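Just so it is clear, the structure is predicted and the values come from calculations on it, not from any experiment. Chain A is the first sequence line, chain B the second, and so forth, proteins listed ahead of strands; every chain is numbered from 1.
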Amino acid sequence: MFRPVSPKFNVTLVEEAVQRYWKSHDVFHKTMDQRIGGPEYVFYEGPPTANGKPGVHHVLARVFKDIFPRYKTMQGFHVSRRGGWDTHGLPVEIEVEKKLGFKVKQDIDAYGIDKFNALCRESAFAYIQEWERLTDRIGYWVDLETAYITFKNEYIESVWSILKNFWEKDLLYQGFKVVPYCPRCGTPLSDHEVAQGYAETVDPSVFVRLPLVDEPGTSLLVWTTTPWTLPGNVAVAAHPEVDYVVVEHALPEDGTEKLILAEALVEKVFHGEAVKVVNRMKGKALKGKRYQPLYTFLPVQKQAYYVVLADYVTTEDGTGFVHIAPAFGAEDMAVGLEHDLPLLMTVADDGTFIPAVRPWAGVFVKKADPLIIDELHTRGLLFRSENYTHTYPFCWRCDTPLLYYARPTWYIRTSQFKDRMVELNNTINWYPGHIKSGRFGNWLSNNVDWALGRERYWGTPLPVWECVDCRHQHAIGSVAELSTLAGRDLTGLDLHRPYVDEVTLGCPECGGKMKRVPELIDVWFDSGSMPYAQWHYPFENVEQFHQQYPADYICEAVDQTRGWFYSLHAISTLLNDQVSFKNVVCLGLIQDGNGQKMSKSRGNVTDPWEVLNANGADAMRWYLYTAGPPGQERRFSSELVGEVLRNFTLTLWNTYSFFVTYANLDGWQPGDGQQAQYSDLDHWLRSTLHALVRDVTTAMENYDVLGATRPIEAFVDQLSNWYLRRSRRRFWKSESDGDKQAAYATLYEALVTVSKLLAPSMPFLAEELYQNLVMQMNPNAPESVHLAVWPAFDPTLVDDKLNRDMALVMKLASVGHAARNKANRKVRQPLAEAAFSVGNADEARVVQAYADLLEDELNVKRVRALDTTGEAVAYSLNPLPKQLGQKYGSRFPAIRKTLLAADPEPAARRLLDGQPVDLEVDGEKVAVLPEEVEVRVQAREGYAVASEGAYLAALVTDLTPALVREGLAREFVRRVQDLRKTADLQISDRIRLYYQATPGLVEAVADFKEYIMAETLTVDLVSSAPSEAATVSQAEFDGEQLTVGVEVAR
RNA sequence: GGGCCUUUAGCUCAGUUGGUUAGAGCGCGCCUCUGAUAAGGGCGAGGUCUCAGGUUCGAGCCCUGAAAGGCCCA
């Protein structure tokens, strides 16, 4: 016996029961343990941070991470699914700062780094239970007990060893990076912090003359909104392709001057004032022109104060010249490096000018703006000064305007490996494919050195020690090395600040004291190191590392292109000159039901629990897999997930429930199919099923999640709404013959196979089906569907011809139903005949072959192919553009016209007979073949017809008294069946049936007594008023009246 | 400003190498079927395939440009 299945599907009960089963049988660990010895399939978990609640986007990533390991496990692979947690970084620090009410960075120093970091360590796992609970509930199988944690000493030590490796290869160096910096808080801000603080503000807008050295009386005109950066000016950038003009302009006092600026901006700059253009040139012609420096506060050793070319210069605003101060802009810095310009750091950490900038020493730079403008005016260098309103970033903590500052920091020389990273990337399979050469490829080919340093507290310390006296630097690659150099055993030392900072070394160069540099490293370096650091490689687990590197599969959302995808790829390239992942699925972002980004501030964040509680994990997973291509952003709402439940899950469940109900009634067991006599319908279903197995397997192998899921849904629909609908009677009938055996065997195979195909995507429902259909009957089977073997498909069972034929039958049934509808003949009323017109002789044979099936489906006494010579009165020809157009190209319209102008009847007859039709088109003979034209027919009067394309159904709608009586009998049966349901009878209950009716109906009941009794399981048909015990109903239909009562027959 | 993606019915999405009258599901109205069904079937309403050019016998699909939205970068 199969365990009885309620036709009502309770998603929570089912999924919770499965969850309990997995737990009690430790199924997850078995999926790893039982595959030891199998080929390895390597999956890397991109570590999330558990300092916030997991949201829908995390569910998305996690279910996509889950699907391939499950699949590969069923294919016999050993998939170790080690989890991981990202624990360092600013987000964690900010949470703690908020909790402590800190406003500025110095608060942390005052509070104590040790205490602060202790809180960070806790906070990193503040929501760990939430994460574990959700991970469990959605069925994401990942080993969290053995998860790697980035703050562990072992992890940090591995990261150090990588950095040491880079250090030894001279890939780690100190340089300058322009960062958004809050002078009040004394700290650079991360992009994410900057994004929070944009506000509209008014800044000066000044136009400044830069007199040319070699052309007296001529000046470059530059524009800036940050006059305070002018003392740092060392060059001017022009766009090579933009047109520049020299204009002559009358001075207010007296005489004229010549100014150079972009032609497109002349009007804007001069506000329409008439100016005389005396020369015109491309920007590249200006290259190298020297101008007089604005200021000379700082000594300059390198070439400076000349025009350079840069593509980023625009003619949107300003003058078409950009003043370059490498210390105060990222682009300026890049230009400065490119041309080896000096870097003038004129501003101190607190945002005030340094003493060397004598007139404004100690003045906060923003306050100095008007002073500088005055000073320029005095010297006659100010062309104009205005106000400019724009959005500018402010510190989100203290509202101080941020300054873009060059700060000394540490870099990794990734740009040296740019080409190699691009090459290696070309060997990676990206899904979707456009990311490879698009977003990721572009990012790689624009690679700049990785800015590694962070001036923060909670993170992996940069393991570089520097001599206080002679500046000698040394990188540490292990705790052992640190111990040796420090002269004491440091095993067990917390490698975080402040403890690691307390370790000082002796300088090998001068014998002085070496202290650690203050920086931490970028958290992305932590996560990008996970292939090595998760194993504490190279200190331990060398074999495991080699076995688990590189990854076969990783998956994250698209925002990780510059995050984890990049850090994995860069570190792997620099360290081992190879890829660290071979296949990567890149997910789009989750939007709300209206296509808006989910964000806390919009208040449109969907709580995953809400959806899980309402619809279950499987439905949520299925929606995420099937809603659209994985790389696209996808809309998400509880309603959309609910549709999955209604359309797909319930259809499958009911098929399953139907099977179990009848198999139990009949005592059918798997293996009972020996005498099975398979019908065409069975062959068709198996053919479709094996084609499905083939397609889903191929899709899985290609990381095509849509292709691996949507076809299952289509199959289940056909299984339920065609196979089962057309097979119901085979299960009901009381004799147990070969036909019934075949039906059971076929349906059983389909359900078991579907459960396996669904295992990676709907792990809960798949398990429920498998437990009952397989385990219940065969205790020796693998104890979980997730330990079972992925189904093999049998190519000999896939019959494309059969599949096409059945598709035609379904189409004809659909057209037949349409004809019934038009004729206003409900299906319960039998009709004498349905005749079909189809496209060709082969299709006509299909009509004959499946006549029984169509008769049953359409409730007609006879199905036949329409006799196209005798019955059709009108033909029309439909030239097929695909065939004819491809063959004749530009002559197609003429051929089409000629064909349509011809008498359709003789042409149609030839074509239907398989003969070509000869046409004369523009003086040339053209033979049009039957497959190039679709022949359509119209049926004679007296038929009810419906057609679609070449297919036409004609019904004989005249009713004989016998047909009417049969219709009444079916109507009668229908009322009784309803009543059985109302009376809550068991499907197998036998009944006593009372009835009283008007004469027409009485006659029909008499005629079809046996049919009625068989259909309704009536053992005693009584023509009288119902007994007291009976359940009774009254009805009126087709002009007849009826009272019926049922009671269980004892 | 740059890169990538998206735009097809009220909503969510398909749409093969360009080829018949652009499809499905949900939702809506009418009808119908049903002892597996929370379902199924039929009909109907609902589309200038974002827009403008171009290539072609023929464009939802290819090319160019634009617009709107999204993501990333500057």
Looking only at atom P, what distance separates B:U21 and B:G25, rounded to whole Å? 22 Å

When both distances are under 3.5 Å in a Watson-Crick or G-U wobble arrangement, the nucleotide paired with B:C62 is B:G54

Validation row: A:Val973, A:Tyr1011 side chains within 4.5 angstrom (heavy atoms): yes

Whole Å only: how far is the CG atom of A:Leu665 from the C1' atom of B:A36? 12 Å

Donor-acceptor pair under 3.5 Å: do we get one between A:Arg980's side chain and the base of B:G35? yes

Salt-bridged, A:Glu966 to A:Arg970, with N to O below 4.0 Å? no

Name of the residue among A:Asp618, A:Leu624, A:Thr626 meeting side chain to side chain contact (heavy atoms under 4.5 Å, CB included) with A:Trp622: A:Thr626

Strictly below 4.0 Å: does A:Arg562 bring a side-chain N or O up to OP1 or OP2 of B:C73? no

Rounded distance (Å) that lies between atom P of B:A36 and atom CG of A:Asn772: 19 Å

Closest to the side chain of A:Leu650, out of B:A38, B:A36, B:G25, is B:A38

Side-chain contact check for A:Tyr662: nearest option of B:G42, B:C26, B:A36 is B:A36

Pairing check on B:A38: which nucleotide meets the Watson-Crick or G-U wobble criteria with it, both distances under 3.5 Å? none

Under 3.5 Å, is there any donor-acceptor pair linking the side chain of A:Ser720 to the base of B:A39? no

From B:C72, B:C31, B:A38, nucleotide with atom closest to A:Asn821 side chain: B:C31

If you assign each of A:Asn721 and A:Arg974 to its closest nucleotide in RNA chain B, which residue comes earlier from the 5' end? A:Arg974

Most 5' of A:Glu934 and A:Asp984 on RNA chain B, judged by nearest nucleotide: A:Glu934

Nucleotide B:G35, atom P - distance to CD1 of A:Ile991 in whole Å: 12 Å

Answer with base, sugar-phosphate or nothing: what part of the nucleic acid does A:Trp732 contact at a heavy-atom distance below 4.0 Å? sugar-phosphate

With respect to the phosphate group of B:G42, does any side-chain polar atom (N or O) of A:Ser814 fall under 4.0 Å of OP1 or OP2? yes

Which nucleotide, B:U37, B:G40, B:U34, lies nearest any side-chain atom of A:Arg970? B:U34

Should the pair A:Arg804-A:Asp800 be classified as a salt bridge under the 4.0 Å nitrogen-to-oxygen rule? no

Would you mind pulling out the nucleotide paired to B:U7, Watson-Crick or G-U wobble, both distances under 3.5 Å? B:A67

Quick note, A:Val558 side chain, CB onward, closest among B:C4, B:A36, B:C71 is B:C71

Ring geometry between A:Trp653 and A:Tyr656 (parallel below 30°, tilted from 30 to 60°, perpendicular above 60°): perpendicular

Looking for any heavy atom pair under 4.0 Å, which part of the strands does A:Leu985 touch: base, sugar-phosphate only, or nothing? base

Answer yes if the ring centres of A:Phe731 and A:Tyr744 are under 6.0 angstrom apart, and no otherwise. yes

Across the strands shown, which category fits A:Gln560 at heavy-atom distances under 4.0 angstrom: base, sugar-phosphate, nothing? nothing

Pairwise C1' distance, B:C61 and B:U50 [rounded to whole Å]: 16 Å

Look at all strands and tell whether A:Glu643 reaches a base, only sugar-phosphate, or nothing, counting heavy atoms closer than 4.0 Å. sugar-phosphate

Length of the line joining A:Lys981:NZ and B:U37:C1', which is rounded to integer Å: 8 Å

Would you mind checking if A:Lys882 and A:Glu932 are paired as a salt bridge, meaning a charged N to carboxylate O distance below 4.0 Å? no

Name the nucleic acid region contacted by A:Arg439, choosing base, sugar-phosphate or nothing; use a 4.0 angstrom heavy-atom cut-off, strictly under. base

B:C11 to B:G47 separation - P atoms, rounded to the nearest Å: 12 Å

Give A:Ala627 one of three labels, base, sugar-phosphate or nothing, depending on what nucleic acid heavy atoms sit under 4.0 Å from its own. sugar-phosphate

Same-atom distance (P) from B:A74 to B:A22, integer angstrom: 47 Å

Tell which nucleotide pairs with B:C28, taking only Watson-Crick or G-U wobble pairs whose two distances are both under 3.5 angstrom. B:G44

Base paired to B:G23 (Watson-Crick or G-U; both N/O distances under 3.5 angstrom): B:C13

Roughly how many Å apart are B:C13 and B:C4, using the P atom of each and rounding to a whole number? 23 Å

C1' spacing across the pair B:C57 / B:U20, given as an integer number of angstrom: 15 Å

Heavy atoms only, 4.0 Å cut-off, all strands: where does A:Arg828 land among base, sugar-phosphate and nothing? sugar-phosphate

A:Trp524/A:Tyr566 aromatic ring centres below 6.0 Å: no

At under 4.0 Å between heavy atoms, what does A:Glu1015 touch on the DNA or RNA strands: base, sugar-phosphate, or nothing? nothing

Among B:U32, B:C4, B:C57, which nucleotide sits nearest the side chain of A:Lys826? B:U32

Integer angstrom distance from the P of B:G23 to that of B:G42: 14 Å

What is the distance, to the nearest angstrom, from the CZ atom on A:Arg710 to the C1' atom on B:G25? 10 Å

Residue A:Thr655, side-chain heavy atoms: nucleotide from B:C13, B:G35, B:A36 that is nearest: B:A36

Rounding to an integer number of angstrom, what distance separates B:A59 and B:C51 when you compare their C1' atoms? 15 Å

Decide yes or no, distance alone: a donor-acceptor N/O pair under 3.5 angstrom between the base of B:U17 and the side-chain of A:Lys882. yes

Among the candidates B:U20, B:G42, B:C57, find the nucleotide nearest to the side-chain atoms of A:His817. B:G42

I need the CZ-P distance between A:Phe648 and B:A36, as an integer number of Å. 21 Å

Length of the OH-P vector between A:Tyr656 and B:A36, whole Å: 18 Å

In the structure shown, which nucleotide is the Watson-Crick or G-U wobble counterpart of B:C49, with both distances under 3.5 Å? none

Closest of B:A38, B:C57, B:U32 to the A:Phe9 side chain is B:A38

For A:Leu645, which contact category applies under a 4.0 Å heavy-atom criterion: base, sugar-phosphate, or nothing? nothing

Write down the distance between NZ (A:Lys887) and P (B:U17), rounded to a whole number of angstrom. 24 Å

Between A:Arg891 and A:Val926, is there a side-chain heavy-atom distance shorter than 4.5 Å? yes

Looking at the rings of A:Trp443 and A:Phe565, which for Trp means the six-membered one, are their centres under 6.0 Å apart? no

